[in-house]
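Just below is one structure, and these are the notes that go with it.
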Amino acid sequence: MKNFIAFDFETANSNRHSICSVGMVFVEDRKIVDSVYQLIDPEEPFDEFNIGIHGISPKDVKDAPTFDVFYETIKEKIENKLMIAHYLAFDGYALRDNLERYDVEPCFNQFLCTYQLSKKLMLGQLSYSLKTLCQHFEIDLIRHHNALDDAKACADLMLSLMDEYELVDLNSIYLKTFIRPGEISKEKYRSSLVSKGSKLDLRTVEVAADANTNNAFYGKNVVFTGKLNVFTRIEAAQLVASRGGHPQNGLNKQTNFIILGNFEDVMIKGTKSSKLEKAEKMISAGKELEILAEEDFLKML
């Protein structure tokens, strides 16, 4: 996921198909390498409210191309690329509605939304607006609601999220957020999906085939319980898998280790999880199962 296109639209009025400007920023190998800004003739009246937001008026787009003309000029450059917007629920449908309006066959693209990603990854924020998130990551957003500046801010935000939360590909995004990319093609349009009721399945983490056989976790089945302090549960599971271990969702006869988060708190307050209680019963019954505090787990890695 080193390459993507961040994009943003501004509209002349409340209709999503009334695009009056486009901003696109092209990222390759995690670096911004190119950008496109284009005024668009929406062939619709402008609302004073929208003019007040982005400052574009009818006279500015008098000689500008319509969206279908612009799209044909950019189509080859964006084809098969991952496209990212902040609040895809607007920009994605604005793209779809414009293509349908002009009966233009779209090229294939997948979509992600930095608004959705931020809400799933950055819990407890008071706001997930582009401006607020840019302030959080110290990203320059000079002219908010200028399509190009917003697209650049979106690109920088995505790169910050990738660095902060180790988002290396679409699979790691799904494992950490349960977000699946949207897509557009000549057959359909679908926005990015958040599976709210999904449960983290550690069994989907790929186990390294070339791991060191001398590692303590090589070939072992590992379960986690409680809140880890150093890593998230999925990150810890990925570490186990990189050592040739097999992360599990729950305890069974094959489990070799159970990793305990908040070890001291659990031992002092006696707030044992059902997994820990089950593990203790299994050990009492003769099962060879080792309970590890997070600190010991990290040392063994």
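The figures that follow rest on heavy atoms only: side chains count, while hydrogens, waters and symmetry mates do not. A quick note: this is a predicted structure, and the numbers were derived from the prediction, not measured.
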Mind listing the closest non-hydrogen atom pair of [X] and [Y] along with its distance?
| X | Y | value |
| --- | --- | --- |
| Cys134 | Ala153 | SG-CB, 3.7 Å |
| Ser191 | Leu88 | OG-CD2, 3.6 Å |
| Gly219 | Asn256 | O-OD1, 4.5 Å |
| Asn3 | Glu28 | OD1-CA, 3.1 Å |

Are Arg180 and Tyr174 in a cation-pi setup, meaning NZ or CZ lies under 6.0 angstrom from the ring centre and within 45 degrees of the ring axis?
yes
Check whether NZ of the Lys or CZ of the Arg Lys176 lies under 6.0 Å from the centre of the six-membered ring of Tyr165 and within 45 degrees of that ring's axis.
no
Side chains of [X] and [Y]: does their closest heavy-atom pair fall under 4.5 Å?
| X | Y | result |
| --- | --- | --- |
| Phe297 | Ile258 | no |
| Ser172 | Leu175 | no |
| Val69 | Asp41 | no |

Residues in side-chain contact (heavy atoms from CB on, under 4.5 Å) with [X], at least two apart?
| X | answer |
| --- | --- |
| Thr177 | Leu117, Lys120, Leu121, Ile173, Ile179 |
| Asn146 | Tyr37, Arg143, Leu148, Asp149 |
| Lys131 | Ser129, Gln135, Leu141, His144 |

Any chance the side chains of [X] and [Y] put a donor and an acceptor closer than 3.5 Å?
| X | Y | answer |
| --- | --- | --- |
| Tyr102 | Glu43 | yes |
| His17 | Glu44 | yes |
| Ser118 | Gln125 | no |

Hey, what's the ring geometry for Tyr189 with Phe111, parallel, tilted or perpendicular (30° and 60° as the breaks)?
tilted
Over 60° means perpendicular and under 30° means parallel, so tell me whether Phe67 and Phe70 are parallel, tilted or perpendicular.
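Answer is tilted, since the angle falls between 30° and 60°.
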Take atom CD of Glu288 as the centre, draw a 6.0 Å sphere, and report whether it contains more than 12 heavy atoms from other residues, nucleotides or ligands.
no
Do NZ/NE/NH1/NH2 and the carboxylate oxygens of Lys75 and Glu79 come within less than 4.0 Å?
no
Could you tell me whether Arg101 and Asp97 have a side-chain N and a carboxylate O separated by less than 4.0 Å?
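Salt bridge absent between Arg101 and Asp97.
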Let me know which of Asp60, Thr11, Ile56 forms a side chain to side chain contact (heavy atoms under 4.5 Å, CB included) with Phe46.
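Output: one option passes, namely Ile56.
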Which of these, Leu167, Ile84, Val168, Val27, sits in a side chain to side chain contact (heavy atoms under 4.5 Å, CB included) with Met1?
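Testing each of Leu167, Ile84, Val168, Val27 against Met1, the sole residue satisfying side chain to side chain contact (heavy atoms under 4.5 Å, CB included) is Leu167.
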